[in-house]
Asker: 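For reference, the structure I am asking about is given below.
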Amino acid sequence: MVALLQKAVEVLIEQSVLQSEWIPDISVERTRDAQHGNFASNLAMMLAKSAKKSPRQLAEVIITALPEDASVEKVEIAGPGFINFFVNPNSQHEIIADVLRLGASFGKSNIGAGQKIQVEFVSANPTGPLHVGHGRGAVYGSVISELLRAVGYDVANEYYVNDAGRQMDILATSVWLRYLECCGQTFQFPSNGYKGAYVKDIARQFFDRINQDFCFVATEVYDGVPVDEPQGGDKEQHIDGLIIKAQALLGRERYAQIFQEGLTAILADIRADLSAFGVDYQHWFFESLLVEDGSIEDALERLDKAGHLYKKEGATWFASSALGDEKDRVVVRDNGQTTYFASDIAYHMNKLDRGFDERIINVWGADHHGYIPRVRAAMTALGANSDKLDVLLVQFAVLYRGDEKVQMSTRSGDFVTLRHLCDEVGLDAARFFYVMRKSDQHLDFDLKLATSKTNDNPVFYVQYAYARICSVLRQREEKGLSRNSQQGLDNSALLSTDHEISLVGLLARYPEVVERSALKYEPHHLVHFLRDLANYFHTYYNAEQFLVDDAKLRDVRMNLIEAVQQCLANGLALLGVSCPEAM
RNA sequence: GCGCUUGUAGCUCAGCUGGAUAGAGCAUCGGCCUUCUAAGCCGAGGGUCGCAGGUUCGAAUCCUGCCAAGCGUACCA
């Protein structure tokens, strides 16, 4: 359509009706209302002022200059000056043949041309099992990856494991303290320690294997440690004191062993949960690697050479405010320790060095939004184009059970784990619900609704459409009715009801929906599309009989619903949701 | 205080980068099963698109100012 208008415009420029400098980007949009044809252009309205003609008059002129095209049935002027294109229905029907021929490839494209993209998501600290808050990022990241692959990008998923830093020391110490309980010691567990039952499990298993080798008397452990908050002290100082004590009493080797014990157990748990959730990674990247191989020093040196670092009050600062951040940031504390941000700078440098220099995607919790400018600044300072970094924010989901809000408290360790969620609502509903809404919006996740196997569950609505089609196709065979796909394609003109025309029209839009969802990182468009497609199908199903006596008509309809089936399957596959053949 | 994000039907949300009469689901009400799965379909009601200005042929969409909510504003990770 754009090409047709382009030609018309060229003709009119030659005739001096228009001048080339007036011509905007010619856009053609799909119409919302079938009365307005299939496509519409606002070109005449855009040009009206410059051409000093009324939009409708100008539209008239443009239309007469339009070249003939077989796929266009008619062109009309409507409203304030829209040019509406009505597509020849027979050319629309070709989509059915396309879908059946392409099968699982229908909707895929090569827009990405094999460009490398790295998608990093979840990256939760390995200090406990994943909870429902992580689920949304997990599904969002994996669906984005699948979508980008579908449009031709070479996508690598990565999980950044924060296995260095204070939180991990708190975990190791928590495991040790629980282990001491296994040894029969009694004491007040620190209020800032990890209190979840999983820590006890890890400690118990460790105790069963190691027995008493790591055991110390509680009074010795707590001797000289600042008191905890409930006793009027500071919980941070208390836990830090315990960490130092653990390291001192156990010695380097044994401390490392118990540290490793907690880390591997929890990481195995996280991997298993994600895998069960349909999320798989190409690469697990460990923060400790950056510490060990000197990447952090390298990164800081690079920033320093480029003149981005300075010293103040004993600390080393990164002058990020010169690069768009609100203020400068500390990278080396006055005690000589590097900050988490320093690791992140090194990590991003590492990503660039590994060849992900075209596009890097980070999926973060929305509460980290303030962190974006400083990472962008770091990218720029490292000599990369910070536009290559896309940070996608995911808002937390709020769990409901019916009208009742489900309370989540990480501190007490009594949060809802991702595994619980999957057990309760199932993989399909969980994934579907998480990507149903725009990711940067709050999501109300209703457990009751997701588990309901009745009227109002959107997952089942879509799956039901698929199952119904399967059922019809099965019964065609069981009843011994003939099927000739080619005959169906040859007679596509028999598709004449409004339901059939809109269904065919919607199928044709699927590839653009995939493209849009992928390029804008908005999987919810795909979800909405699938709901619409299921809706159109259910309507059609109720309005027409498919297994009719007329063999030609039957073949045509079999082809149409099989194409719908294929499209639903392709879409659900991208979401990682299953297609049950019967419900 | 400053920054980011958000405000659309009773509720939960779409709204395709400025288009035509603002759309779904849930909830409410009324219809449709002797024929391919009623986990479905059809219909009805329900809106000052937070408020007020501005930009233009045209604004839920862009700009400004208010109002309200969430998040962020560490030598934490």
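Remember, predicted model here, so these are calculated numbers, not experimental data. Below, chain A is the first sequence line, B the second, and so on; all start at residue 1.
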Asker: Hey, does Phe341(A) reach any base, or is it just sugar-phosphate, or nothing, if we go heavy atoms under 4.0 Å?
Answerer: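 Nothing: the residue Phe341(A), judged by heavy atoms under 4.0 Å, touches no strand.
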Asker: Which part of the nucleic acid, if any, lies within contact of Asp334(A), taking any heavy atom under 4.0 Å across all strands shown: a base, the sugar-phosphate backbone alone, or nothing?
Answerer: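 Result for Asp334(A) = base.
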Asker: Kindly write out the residues that satisfy side chain to side chain donor-acceptor pair (under 3.5 Å) with Glu292(A), not counting sequence neighbours, or none if the list is empty.
Answerer: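 Residues passing side chain to side chain donor-acceptor pair (under 3.5 Å) with Glu292(A): none at all.
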Asker: So, are Arg557(A) and Glu500(A) salt-bridged, with charged N and O less than 4.0 Å apart?
Answerer: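 Result for this pair is yes, salt bridge flagged.
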Asker: Using a 4.0 Å heavy-atom cut-off across all strands, classify Asn42(A) as base, sugar-phosphate, or nothing.
Answerer: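 Asn42(A): base contact, heavy atoms under 4.0 Å.
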Asker: Taking the side chain of Asp367(A) as its heavy atoms from C-beta onward, which of rA77(B), rG72(B), rG40(B) lies nearest to it?
Answerer: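 Out of rA77(B), rG72(B), rG40(B), the nucleotide with an atom closest to Asp367(A)'s side chain is rG72(B).
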Asker: Using the P atom as the point on both nucleotides, what is the distance between rC49(B) and rA9(B), in whole Å?
Answerer: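 Here rA9(B) and rC49(B) have their P atoms 10 Å from each other.
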Asker: How is Ala164(A) classified with respect to the nucleic acid when contacts are heavy atoms under 4.0 Å: base, sugar-phosphate, or nothing?
Answerer: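 Contact class for Ala164(A): sugar-phosphate only.
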Asker: Using the C1' atom on both, measure rU61(B) against rU56(B) and round to a whole Å.
Answerer: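 Per the computed distance, 14 Å lies between those C1' atoms.
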Asker: Here's a test for you: under side-chain contact (heavy atoms from CB on, under 4.5 Å), which of Gln475(A), Met558(A), Arg554(A) qualifies with Leu481(A)?
Answerer: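 Exactly one pass, corresponding to Arg554(A).
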Asker: How about Tyr347(A) and Tyr160(A): are their ring centres within less than 6.0 Å of each other?
Answerer: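 So the answer is yes for these two rings.
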Asker: Which of residues 322-330 of chain A have a heavy atom under 4.0 Å from RNA chain B?
Answerer: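 Those residues whose heavy atoms fall under 4.0 Å from RNA chain B, taken from residues 322-330 of chain A in numerical order, are Glu326(A), Lys327(A), Val330(A).
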Asker: Considering just the side-chain nitrogens and oxygens of Ser54(A), establish if one lies under 4.0 Å of OP1 or OP2 belonging to rC57(B).
Answerer: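 For rC57(B), neither OP1 nor OP2 has a side-chain N or O of Ser54(A) closer than 4.0 Å.
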Asker: Flag the pair Phe529(A) / Tyr510(A) as yes when their ring centroid distance falls below 6.0 Å, and as no otherwise.
Answerer: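 Yes: the rings meet the under 6.0 Å criterion.
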Asker: With the side chain of Lys479(A) defined as its heavy atoms from C-beta on, choose the nearest nucleotide among rC36(B), rA24(B), rA77(B).
Answerer: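 Of all the options, the side chain of Lys479(A) is nearest to rC36(B).
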Asker: Does the structure show His36(A) stacking with rA20(B), if we require the centres to be closer than 5.5 Å and the planes to be within less than 30 degrees of parallel?
Answerer: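 His36(A) vs rA20(B): stacking yes.
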Asker: Let's go through Tyr310(A) and Thr316(A) carefully: what are the C-alpha distance in whole Å and the side-chain angles of both, what is the deciding distance for side-chain contact (heavy atoms from CB on, under 4.5 Å) to 0.1 Å, and is it a yes or a no?
Answerer: CA-CA 6 Å; Tyr310(A) 65 91; Thr316(A) 307; over 6 Å; no
Asker: Just to confirm, is there a sub-4.0 Å distance from OP1 or OP2 of rG3(B) to any side-chain nitrogen or oxygen of Tyr371(A)?
Answerer: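 Negative; the distance criterion is not met.
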Asker: Any stems for RNA chain B, made of 3 or more Watson-Crick or G-U pairs in a row, each with both distances under 3.5 Å?
Answerer: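 Paired runs of 3+ in RNA chain B: B:1-7 with B:67-73, B:10-13 with B:23-26, B:28-32 with B:40-44, B:50-54 with B:62-66.
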Asker: Using a cut-off of 4.0 Å on non-hydrogen atoms, how would the nucleic acid contact of Ala48(A) be classed: base, sugar-phosphate, or nothing?
Answerer: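 Nothing, no nucleic acid heavy atom in range.
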Asker: My understanding is that only residues two or more places apart in sequence, or in another chain, count here; which of them pass side-chain contact (heavy atoms from CB on, under 4.5 Å) with Asp304(A)?
Answerer: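 With sequence neighbours excluded, Asp304(A) shows a side-chain contact (heavy atoms from CB on, under 4.5 Å) to Leu309(A), given in chain and number order.
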Asker: Quick check on contacts: within residues 542-549 of chain A, what sits under 4.0 Å from RNA chain B by heavy-atom distance?
Answerer: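 Contacting residues: Asn542(A), Glu544(A), Gln545(A), Phe546(A), Leu547(A).
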Asker: Charged N to carboxylate O under 4.0 angstrom, Asp240(A) versus Arg166(A)?
Answerer: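 Result for this pair is yes, salt bridge flagged.
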Asker: How far, in whole Å, is rA27(B) from rC16(B) if one measures between their C1' atoms?
Answerer: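 The same atom, C1', in both gives a distance of 28 Å.
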Asker: Under 4.0 Å, counting only non-hydrogen atoms across every strand here, what does Arg557(A) touch: a base, just sugar-phosphate, or nothing?
Answerer: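 Result for Arg557(A) = nothing.
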Asker: Rounding to an integer number of angstrom, what distance separates rG54(B) and rA59(B) when you compare their C1' atoms?
Answerer: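 Their C1' atoms lie roughly 11 Å apart.
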Asker: Which residues pass the side chain to side chain donor-acceptor pair (under 3.5 Å) test with Gln247(A), not counting sequence neighbours?
Answerer: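 Once residues adjacent in sequence are excluded, Gln247(A) has no partner under the side chain to side chain donor-acceptor pair (under 3.5 Å) criterion.
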Asker: Look at atom CD of Glu512(A) and say whether more than 12 heavy atoms of other residues, nucleotides or ligands are closer to it than 6.0 Å.
Answerer: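 Yes, because the 6.0 Å sphere around CD of Glu512(A) holds more than 12 heavy atoms from other groups.
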Asker: For a quick check of understanding: with a heavy-atom distance under 4.0 Å over all strands, which category does Glu313(A) fall into, base, sugar-phosphate or nothing?
Answerer: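 Answer is base: heavy atoms of Glu313(A) come under 4.0 Å of a base.
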Asker: Go through the N and O atoms of the side chain of His369(A) and the base of rG3(B), and report whether any donor-acceptor pair is under 3.5 Å.
Answerer: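 Check passes, donor-acceptor contact within cut-off.
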Asker: What residues, two or more places apart in sequence or in another chain, satisfy side-chain contact (heavy atoms from CB on, under 4.5 Å) together with Met46(A)?
Answerer: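 By the side-chain contact (heavy atoms from CB on, under 4.5 Å) rule, Met46(A) matches Pro24(A), Asn42(A).
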Asker: Hey, does Ser471(A) reach any base, or is it just sugar-phosphate, or nothing, if we go heavy atoms under 4.0 Å?
Answerer: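 Base, at least one base atom sits under 4.0 Å.
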Asker: Residues from residues 518-526 of chain A sitting under 4.0 Å of RNA chain B, heavy atoms only?
Answerer: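 Only His524(A), His525(A) qualify.
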Asker: Can you list the steps and then say if Phe82(A) with Ile77(A) is a side-chain contact (heavy atoms from CB on, under 4.5 Å)?
Answerer: CA-CA 6 Å; Phe82(A) 287 102; Ile77(A) 302 167; over 6 Å; no
Asker: With sequence neighbours excluded, what pairs up with Cys470(A) under the side-chain contact (heavy atoms from CB on, under 4.5 Å) test?
Answerer: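 Result, side-chain contact (heavy atoms from CB on, under 4.5 Å) vs Cys470(A): Tyr466(A), Arg474(A), Gln565(A), Glu581(A).
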Asker: What interatomic distance, in whole Å, is found between P of rU73(B) and the corresponding atom of rG15(B)?
Answerer: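 Nearest-Å result for rG15(B) against rU73(B) at atom P: 29 Å.
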Asker: Checking understanding here: a glycosidic angle within 90° of 0 is syn, the rest anti, so what is rC33(B)?
Answerer: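 Base orientation: syn.
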Asker: Mind checking what makes side chain to side chain donor-acceptor pair (under 3.5 Å) contact with Lys74(A), not counting sequence neighbours?
Answerer: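 By the side chain to side chain donor-acceptor pair (under 3.5 Å) rule, Lys74(A) matches Glu76(A).
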Asker: For atom C1', what is the distance between rC63(B) and rC26(B), given to the nearest Å?
Answerer: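 To the nearest whole Å, 37 Å.
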Asker: Give Ala465(A) one of three labels, base, sugar-phosphate or nothing, depending on what nucleic acid heavy atoms sit under 4.0 Å from its own.
Answerer: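 No contact.
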Asker: When rounded to the nearest 0.5 angstrom, what is the spacing between CD1 in Ile345(A) and OG in Ser343(A)?
Answerer: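 If we round to the nearest 0.5 Å, Ile345(A):CD1 and Ser343(A):OG are 9.0 Å apart.
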Asker: Pull out every protein N or O sitting under 3.5 Å from an N or O of nucleotides 10-13 of chain B, one pair per line with the distance.
Answerer:
from: rU12(B); atom 1: O3'; to: Asp444(A); atom 2: OD2; distance (Å): 3.3
from: rU12(B); atom 1: O2'; to: Arg437(A); atom 2: NH2; distance (Å): 3.3
from: rC13(B); atom 1: OP1; to: His442(A); atom 2: O; distance (Å): 2.9
from: rC13(B); atom 1: O2'; to: Arg437(A); atom 2: NH1; distance (Å): 2.7

Asker: Mind checking Asn535(A) for me? I need base, sugar-phosphate or nothing, with any heavy atom below 4.0 Å counting as a touch.
Answerer: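 Answer is sugar-phosphate: Asn535(A) comes under 4.0 Å of backbone atoms only.
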Asker: Base, sugar-phosphate, or nothing for Asp163(A), non-hydrogen atoms under 4.0 angstrom?
Answerer: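 It contacts nothing in the nucleic acid.
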Asker: Would Arg483(A) and Glu477(A) pass as an ion pair if we require N to O under 4.0 Å?
Answerer: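 Judged by the 4.0 Å cut-off on N to carboxylate O distance, Arg483(A) and Glu477(A) do not form a salt bridge.
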Asker: Quick one: side-chain contact (heavy atoms from CB on, under 4.5 Å) partners of Ala78(A), sequence neighbours excluded?
Answerer: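 So Ala78(A) forms a side-chain contact (heavy atoms from CB on, under 4.5 Å) with Asn84(A).
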Asker: Arg476(A) near the nucleic acid: base, sugar-phosphate alone, or nothing, with a heavy-atom cut-off under 4.0 Å?
Answerer: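 No contact.
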